[in-house]
Amino acid sequence: MLLSITDLQYSFAAAHSQPVFSKLSMEASQGEFISLVGASGCGKSTLFKIIAGLLEPASGNIRISGLPSLNAASRLGKIGYMPQQDLLLPWRTVLDNCLLPWELKRDCSKEDAVQQIRGLLHRFGLAGTEAAYPQELSGGMRQRVALLRTLAAGNDLLLLDEPFGALDAITKRELHRWLLELWGGLGKTVLFITHDLEEALLLSDRIYLMTGGSCERLQEMTVDLPRPRHYQLNYQPQFIALREELERRLHESINH
């Protein structure tokens with residue numbers, strides 16, 4: 001098991017504040033694509049920050065690749081994390097933005113890092129953009145660069161927090177198609193936050209429903225759809241039935 005979380009609890013610093021969540025448990029295997037859905041404010045982004053080592057939980061256990069992670073500092077830099085905003089540095093070119101993980105780790109020569117990034121740029125449909133600045137790119141291209149930079153860190157677990165949430169419907173659909181085509185060869189484990197139920201079903205192997213507060217275990221839904229996937233699935237009876245089931249579960253969890 002690549003990631004295992006047991007009885008996690010987190011509260012904001014304010015005195016007597018209610019826990020954002022408690023008794024939260026979940027797991028992810030190598031190579032899985034797992035989406036987290038739930039109402040705004042239920043703690044999805046907070047959970048990602050805890051997993052990434054940016055926040056310290058009040059209690060609970062986190063295991064990475066079977067080994068206990070005793071504190072937040074021990075997870076920093078070991079998990080790829082892409083927040084909602086692309087956070088590309090406007091004064092750095094695409095290539096230099098993508099070199100940031102290498103600058104922090106320096107685990108190979110710069111020449112090797114540049115060669116690897118050039119290969120990823122080609123694979124991501126971004127060949128020829130190496131010298132461009134973020135403001136010269138479309139929103140969809142910026143998100144591809146941000147995802148490439150996350151991948152370039154070389155971590156097995158990637159946390160993607162609504163990476164396509166700010167994009168228009170047409171661009172989002174193009175990026176879904178691109179990600180579905182690319183995903184099979186990456187071999188990474190992904191946790192993916194989204195409010196878009198069709199996006200969750202199209203991309204995921206499993207979906208966790210987050211409600212916040214106290215939950216013995218997150219509700220879980222298996223997406224039993226064949227891969228490779230494509231947008232025509234959206235109109236097939238099996239997909240429609242899964243969407244209705246997910247919407248019903250989400251509605252019940254919010255109004256429980």
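We use all heavy atoms of the structure for the numbers below, so side chains are in, but hydrogens, waters and symmetry mates are not. In this text, all values refer to a predicted model and were calculated from it rather than measured experimentally.
When the side chains of ILVMFWY residues are joined at heavy-atom separations under 4.5 Å, either directly or via intervening members, Leu76 and Ile62 end up in a single hydrophobic cluster. Residues Leu47 and Phe12 fall within the same hydrophobic cluster, defined by Ile, Leu, Val, Met, Phe, Trp and Tyr side chains chained together at heavy-atom separations under 4.5 Å. Each of Leu126 and Tyr133 belongs to its own hydrophobic cluster when Ile, Leu, Val, Met, Phe, Trp and Tyr are linked at side-chain heavy-atom distances under 4.5 angstrom. Ile240 is not connected to Leu197 by any chain of hydrophobic side-chain contacts under 4.5 Å among Ile, Leu, Val, Met, Phe, Trp and Tyr, and they are in different clusters.
To the nearest 0.5 Å, atom CG of residue Leu209 and atom CD of residue Glu252 are 10.0 Å apart. Rounded to the nearest 0.5 Å, atoms CZ (Arg149) and CG (Leu100) are 6.0 Å apart. From Phe48, atom CZ reaches atom CG of Leu191 across 5.0 Å, with rounding to the nearest 0.5 Å. Atom CG of residue Leu89 and atom CG of residue Asn97 lie 5.0 Å apart, to the nearest 0.5 angstrom.
Under a 3.5 Å cut-off, the side chain of Glu56 and the backbone N or O of Ala72 do form a donor-acceptor pair. Counting only distance, with no hydrogens or angles, the side chain of Ser138 and the backbone of Met141 share a donor-acceptor pair below 3.5 Å. With hydrogens and angles ignored, the 3.5 Å screen pairs no side-chain donor or acceptor of Arg92 with any backbone N or O of Leu88. Judged by distance alone, the side chain of Ser29 and the main-chain N or O of Glu32 form no donor-acceptor pair under 3.5 Å.
Applying the salt bridge (Lys or Arg N to Asp or Glu O under 4.0 Å) test to residues at least two apart or on different chains, the pairs with a partner in residues 118-144 are Asp86-Arg142, Arg118-Glu130. Applying the salt bridge (Lys or Arg N to Asp or Glu O under 4.0 Å) definition to pairs two or more places apart or across chains, none involves residues 38-52.
A cation-pi contact, defined as under 6.0 Å to the ring centre and within 45° of the axis, is absent between Arg177 and Tyr231.
Applying the ring-ring contact (aromatic ring centres under 6.0 Å, His included) test to Phe124 and every residue at least two apart in sequence or in another chain returns Trp178. For Leu233, the side-chain contact (heavy atoms from CB on, under 4.5 Å) test picks out Arg229, His230, Gln236, Phe239, with sequence neighbours left out.
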Donor-acceptor contacts under 3.5 Å from residues 198-205 side chains, at least two apart:
residue	atom	partner	partner atom	Å
Glu198	OE1	Asn234	ND2	3.3
Glu199	OE1	Thr194	OG1	2.4
Glu199	OE2	His176	NE2	2.5
Ser204	OG	Ser35	OG	2.6
Ser204	OG	Ala200	O	2.6
Asp205	OD1	Arg227	NE	3.1
Asp205	OD1	Arg227	NH2	3.2
Asp205	OD2	Phe33	N	2.8

What donor-acceptor contacts under 3.5 angstrom involve side-chain atoms of residues 150-157, with partners at least two apart or in another chain?
residue	atom	partner	partner atom	Å
Thr150	OG1	Ala146	O	2.9
Asn155	OD1	Lys105	NZ	3.4

Should Arg206 and Thr222 be marked as a side chain to side chain donor-acceptor pair (under 3.5 Å) after you check the CA-CA gap, both sets of side-chain angles, and the distance that decides it? CA-CA 4 Å; Arg206 289 188 295 127; Thr222 299; 5.8 Å; no
Show the numbers, then the answer: is there a side chain to side chain donor-acceptor pair (under 3.5 Å) between Asn61 and Thr6? CA-CA 5 Å; Asn61 298 304; Thr6 309; 5.4 Å; no
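For Asp224, the CG atom sits in a loose shell: 12 or fewer heavy atoms of surrounding residues, nucleotides or ligands are nearer than 6.0 Å.
Between Ser69 and Ile64, the closest heavy-atom pair is CB-CG1, 4.4 Å. The two residues His195 and Ser40 have their closest heavy-atom pair at NE2-OG, 3.5 Å. Heavy-atom minimum distance, Gly43 versus Val20: CA-CG1, 3.6 Å. The nearest pair of heavy atoms linking Cys108 to Trp102 is O-NE1, 2.7 Å.
At least one side-chain heavy atom of Val145 sits less than 4.5 Å from a side-chain heavy atom of Cys98.
Under a 4.0 Å N-O distance rule, the pair Arg248/Glu245 qualifies as a salt bridge.
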